[in-house]
Amino acid sequence: QVMHPEKSLAREAPIKIDIPDLLTTFGKDWKQADADVNGEFGYMVILGEFINKDTARLAAAGWGGDRYAFYENKAAGATALVEYTTWDTTLDAKEFFNAYTERTEKRYKVKGATAGEGNRRVYQTSEGVVAIELRDKDVVMIEGAQTREQLAQLQERVWQSKKTTR
């Protein structure tokens, strides 16, 4: 709402998202290292690092709320990022999904999705399995799952996140 004072004046609060505890899904030696909100500005920066800045700005503009959780397994030298985003409209969500997909393909230097189509993309990268999925006004991104089985379990849990208006 900092970037859109009119939303603040209209008392349009961001949507709060609570991601379920995922430590049991990650398993032994994993710890949650961080959790927070990126916001519209954060996603504009995240996208703009790899894609056209104007496209990034437009894709982030319909932000309604988000939550991320960052996990690490120091013993294995592995990290994982789980993000749940919600958007003002289904069109805003689709624009963000497309922009995040483009960003992911450039970030990990992959050549298209290794699995999935339509509103779901799955990539095998040198840093783990990455998935992006769009459902209505929501987009979930998981980066760094160790296996496709773990990815499926994480997706199932993350889609159970709770959304509330403040």
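The first residue in the sequence is number 1, and the count goes up from there. We use all heavy atoms of the structure for the numbers below, so side chains are in, but hydrogens, waters and symmetry mates are not. This structure is a prediction, so every number in the text was calculated from the model and none was measured.
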Partners meeting side-chain hydrogen bond (donor to acceptor under 3.5 Å, both in side chains) with T89 (sequence neighbours left out): D92

E49: partners by side-chain hydrogen bond (donor to acceptor under 3.5 Å, both in side chains), with sequence neighbours left out: none

Main-chain N/O of G48 paired to K53 side chain as donor or acceptor, under 3.5 Å: yes

R148 vs V122, side-chain contact (heavy atoms from CB on, under 4.5 Å): CA-CA, chis, key distance, verdict: CA-CA 9 Å; R148 289 186 186 256; V122 179; 3.1 Å; yes

Sequence neighbours excluded, every pair satisfying salt bridge (Lys or Arg N to Asp or Glu O under 4.0 Å) that has a member inside residues 58-67: none

Pairs where residues 94-104 contributes a residue and the test salt bridge (Lys or Arg N to Asp or Glu O under 4.0 Å) is met, not counting sequence neighbours: E102-K106, R103-E143

Heavy-atom closest contact ([X] atom, [Y] atom, distance):
X	Y	answer
D88	G64	OD1-CA, 3.7 Å
A78	W30	CB-CH2, 3.8 Å
E156	Q160	O-CG, 3.4 Å

Quick check: do [X] and [Y] have side-chain heavy atoms less than 4.5 Å from each other?
X	Y	answer
F96	M141	yes
K163	Y84	yes
T85	Y100	no
L47	T55	no

What distance do [X] atom [atom1] and [Y] atom [atom2] have between them, rounded to the nearest 0.5 Å?
X	Y	atom1	atom2	answer
M44	N38	CE	CG	12.0 Å
Q32	I19	CD	CD1	8.5 Å
L154	T25	CG	OG1	5.5 Å
F97	R120	CZ	CZ	10.0 Å

D138 and T86 side chains, donor-acceptor separation under 3.5 Å: yes

T125: side-chain contact (heavy atoms from CB on, under 4.5 Å) partners, not counting sequence neighbours: Y108, V110, Y123, E127, V130

Co-membership, hydrophobic cluster, residues L91 and L134, 4.5 Å side-chain: no

Within 6.0 Å of CD in Q124, more than 12 heavy atoms from elsewhere: yes

Residues that, via side-chain heavy atoms closer than 4.5 angstrom, fall in one hydrophobic cluster with L81: Y68, F70

